[in-house]
Each structure stands twice: as C-alpha cells, then as structure tokens.
Protein chains: 2
Amino acid sequence: MPRVVAEREDVLPTLAEIFREHGFEGASLSLIGRRTGLGKSSLYHFFPGGKEEMAAAVLKNIEAWFEANIFLPLEKEADPHRALENMLRAVEAYFQSGRRVCLVGALALGDARDRFAEPIRAYFARWRDTLAEALQRAGLARADAKDLAEEAIAALQGALVLARALDDPGVFRRTLNRLKARLPARARPMRSA
Amino acid sequence: MPRVVAEREDVLPTLAEIFREHGFEGASLSLIGRRTGLGKSSLYHFFPGGKEEMAAAVLKNIEAWFEANIFLPLEKEADPHRALENMLRAVEAYFQSGRRVCLVGALALGDARDRFAEPIRAYFARWRDTLAEALQRAGLARADAKDLAEEAIAALQGALVLARALDDPGVFRRTLNRLKARLPARARPMRSA
DNA sequence: GTCTATAGATCGATAGAC
DNA sequence: GTCTATCGATCTATAGAC
C-alpha cells in the first residue's frame, strides 16, 4: 500500500467520523477536504454525486460492518446465549463504551433524516428482527422476544444520547450491564438476578 | 393581541419546530424568516445575537416548560406514585406520542452540541435527579432510584430515536407502557408485574 | 420595528491544465 | 487523479431609509 488514500474505501472511516461529529449539513466540503487530505477534485472523482453520495457510501459501509459483525453472528451462532453476549461485546467495542455516537441514530434525529430515511429504517429494522429471533431461540416467547429486542435497541440509542448529553460514558456502561442482566440467562447454579 | 407576532416570546414555538425539523445548521435564516413571517431585520431586532441567540432562547424556553410542567410537579406532588404517573402522561403529550422529537436530545447528538453543551447537560441532569428523588420517595433504595431514573430517561430518548428511524410511533407508546409497568406500583390487590 | 439592498464569507460543484 | 481557479448560489449579518 504505497499511498495513504489509495481507494474510495480508504476515506470512508474518516468521512464517517466527520459526519458523526458535524452532522450532514455541518460537514462542509472544505472541512472534509482538510480532514481527508483530499482536494475537492479528488473527492468528486471518488464521489461524483458529492456530499450526498459520500454520506450514502458511509451508511452503506456501516450497514455492511454491522451485517458482518453483529447481525450475521446473531443469526449464525448456534448457542443463542453466546450470540447475545457476543452482540453486547461487539456493540460496546463499536461505540467505544459510549464515547462514540451512532451515526445512523444521529441522522435519524437530524437534518438529513428524509434524505436517508430508507437505509436508516432498514438498519434498525434488521437489528431489531435479528435480535428478536435470537431471543426467541434463547427461550423467549415470540411476543416477548420482539418486545425485548425493541426495548434493548432503544435503550442503547438512548444511552448514547444521554452519555453524550451528560458527557458521562458511564451511562452507556450501566445500560449494557442492565441489558446483560435482562437477557435470558444461561441455566447456571448461581444467584438470581 | 392585535398582531400575530407581538413579542419575542411569540416566535419561540415556531423557532423550536424549525430547529427540531432541520437541526441548527440546517435551519437557515431565510427558512426561519419564511416560517415565522418575520424579515431578517425583525429577527435581528428580537435576537441581536443571530441564530445562536435564537437557539439559546428556544432551549431556555423548553427548559422553563419542563421545569413548570415536569420537574416541579415531580418534586411537589405529595403522592410519589401520582407524581410518576403525571410525569409519564405529560411526557406522552409533549412528545405527541413519539411523533415529535426531543430538540435537546437532537442537539446533543448533532452539529451544535458543543455550542449548547451546558444547557443540554443541565436539562438531562435535572430530569434525572428529580425523577430519582421521586422514585426514592416511592419506596426505592437510593441506588435503585438513581439507576431506574437514568434507565427511564435513556429509554424515552432511545424510543424517540427509534420511533423516528422506523417511522413508527408505536415504539414510543410501548416504551411508555414498559416504564409504567416498571415504576414502583401502588399497593393494590392485583396481579404482580 | 420593518423594509430593501447588500456586504462579506462560505457553500457545493465544475472547468481545464497537468 | 490531483492541482488551481473559479462559478453561481446561499449563507449570516448589517446598513440605511422609512
């Protein structure tokens, strides 16, 4: 890899951080150019559709990461309890224990929600459905599984909002602990929750 | 009241809706002028500090509304169970059953979070603390009350994110029901939760 | 207090040389 | 592919007449 930025893919993580920090409207092309080290011409070479294509590519990239690292493992792991534990661990790492906001959630509340309504909806729907399916395999009734899946995802998103608002990552950590305690537990000879 | 807009106070609700819909950066002065029916000069007459002063005034207005309609009732209502029920009812009405986003939460995730960090922090801290105090009066241990207060506020914020993302207000309604079931219940001869 | 007009900066996007 | 230069639009904010 002779260059820092060899392909379009290489700038996506930087773009994601910029959109996370400044939102869609707040991420100006001059700021993007400065942070990526690319001139406007290079950016338009990689993303002919401009800023909107950049954000769409970032969303697609995030979707793909969650698909590979969260959703598919939730579906494929034979042991549902292990699948749930793995999800929480991956989520904690991804959101850096609450110091990193969820770009999809931020876009859902922010200025560009209409522009990306469909990928935003699909991301959360997929998460909710795979989580509900895993909870069902872990022993919950279908209705309870759907309800807990929705509650868990809302709790995570709310924790990211609150952690950011209070500037206290502990909110996210405590939320993960509450979720761990509420998910169907392995049958073990230990104290009850 | 001879005019539609007689005072600075009169435009605050409209400004709040604009910031809710477009975020801070997305709310341009031309858009604000169109929606409020005020020219730029009038806006700068009311808000010499420009857009930043408009958003600060809106935040202060929201703070005052919650202080009067949520926080003080939580503190003053003698019956803690009734206080909690009142809070949930007021919250449901304010957020229009999930169709209206929380501007404070949206700002916390969005572009202008650093600009308004202190009022955002104060709003959520005040809510968390008054709720925890009411829960303690309702019989919970101090640590449990603080934990449940944080969980409840995060759940509400997350529900607003998810309801918006999935375009399904049912998420918010179901979250309120879950919270109702989890708050300390009145002593009644009924089924357990 | 509200109007028109506009300053001055920055926006997203493009052209053309190399 | 990346550079410089720049377009026209839009931005926040202000000036000055009324």
Side-chain angles (χ1 to χ4, degrees), chain A residues 1-60 103 106-107 110-116, chain B residues 1-60 103 106-107 110-116:
Chain A
M1 42 185 103
R3 286 185 302 173
V4 177
V5 174
E7 306 176 46
R8 182 184 139 119
E9 298 295 311
D10 296 339
V11 294
L12 292 182
T14 304
L15 284 177
E17 282 305 316
I18 298 172
F19 285 124
R20 255 187 271 271
E21 290 171 21
H22 298 89
F24 184 77
E25 303 278 0
S28 71
L29 281 189
S30 67
L31 175 64
I32 293 172
R34 207 179 318 134
R35 289 275 294 269
T36 59
L38 293 174
K40 284 193 172 87
S41 299
S42 302
L43 289 170
Y44 275 91
H45 172 71
F46 288 131
F47 306 95
K51 209 163 74 162
E52 178 148 358
E53 186 173 340
M54 297 180 206
V58 166
L59 274 179
K60 201 167 184 175
L103 177 58
L107 285 179
D111 40 47
R113 83 174 75 100
D114 293 338
R115 223 187 284 248
F116 304 109
Chain B
M1 43 186 107
R3 289 185 300 174
V4 177
V5 174
E7 306 177 45
R8 182 184 140 118
E9 298 295 311
D10 297 340
V11 295
L12 292 182
T14 305
L15 285 176
E17 281 307 313
I18 298 172
F19 285 124
R20 255 187 270 271
E21 290 171 21
H22 298 91
F24 184 77
E25 304 278 0
S28 72
L29 282 190
S30 67
L31 174 65
I32 292 172
R34 207 179 318 135
R35 289 275 295 268
T36 60
L38 294 174
K40 286 191 172 72
S41 300
S42 302
L43 289 171
Y44 274 93
H45 172 70
F46 288 131
F47 306 96
K51 209 164 74 163
E52 177 148 359
E53 186 173 340
M54 297 180 206
V58 165
L59 274 179
K60 201 167 185 176
L103 177 58
L107 284 179
D111 39 47
R113 83 175 75 99
D114 293 337
R115 223 188 284 247
F116 304 108

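Just so it is clear, the model here is predicted, and its values are computed rather than measured. Every chain is numbered from 1 and lettered A, B, ... according to where its sequence line falls, protein lines coming before strand lines.
Among all heavy-atom pairs drawn from B:Thr36 and B:Thr14, the shortest one is CG2-CG2, 3.9 Å. Considering all non-hydrogen atoms of both residues, A:Glu53 and A:Gly49 come closest at OE1-N, 2.6 Å. Between A:Val58 and A:Leu12, the closest heavy-atom pair is CG2-O, 3.9 Å.
Remark: C1' of D:dC3 and NE2 of A:His45 are 14 Å apart, rounded to the nearest angstrom. One atom, CG of A:Asp10, and another, C1' of D:dG1, lie 14 Å apart when rounded to the nearest Å. Regarding B:Arg34, its CZ atom lies at a distance of 10 Å from the P atom of D:dT10, rounded to whole Å. Atom CG of A:Leu43 is separated from atom C1' of C:dC11 by 15 Å (rounded to the nearest Å). Regarding A:Phe46, its CZ atom lies at a distance of 6 Å from the P atom of D:dG1, rounded to whole Å. Separating the CD atom of A:Glu52 from the P atom of C:dC11 is a distance of 18 Å, rounded to the nearest angstrom. In this structure, NE2 of A:His22 is placed 12 Å from P of C:dG12, rounded to the nearest angstrom. Note: CE (B:Met54) to C1' (D:dA13) measures 10 Å, nearest angstrom.
For residues 37-52 of chain B, the pairs satisfying side chain to side chain donor-acceptor pair (under 3.5 Å) are B:Glu52-B:Arg115, with sequence neighbours left out.
A sub-4.0 Å separation between OP1 or OP2 of C:dA13 and a side-chain N or O of A:Lys40 is absent.
Nearest to the side-chain atoms of A:Ser42 among the listed nucleotides C:dA13, C:dT2, D:dT2 stands D:dT2. Among the nucleotides D:dT12, C:dG12, D:dC11, the one closest to the side chain of B:Leu29 is D:dT12. Candidate nucleotides D:dG1, D:dT12, C:dT2 were compared by shortest atom distance to the side chain of B:Lys51, and D:dT12 ranks first.
Comparing A:Pro48 and A:Ser28 against DNA chain C, the residue whose closest nucleotide sits nearer the 5' end is A:Ser28.
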Output a table of donor-acceptor pairs, distance under 3.5 Å, between side-chain atoms of residues 15-28 of chain A and any protein atom two or more places apart or on a different chain; print 'none' if there are none.
from	atom 1	to	atom 2	distance (Å)
A:Glu17	OE2	A:Arg20	NE	3.2
A:Glu17	OE2	A:Arg100	NE	3.3
A:Glu17	OE2	A:Arg100	NH2	3.3
A:Glu21	OE1	A:Arg35	NH1	3.2
A:Glu21	OE2	A:Arg35	NH2	3.4
A:His22	ND1	A:Ile18	O	3.4
A:Ser28	OG	A:Ser30	OG	3.1
A:Ser28	OG	A:Leu31	N	3.2

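A donor-acceptor contact under 3.5 angstrom links the side-chain atoms of B:Ser41 to the base of C:dT4.
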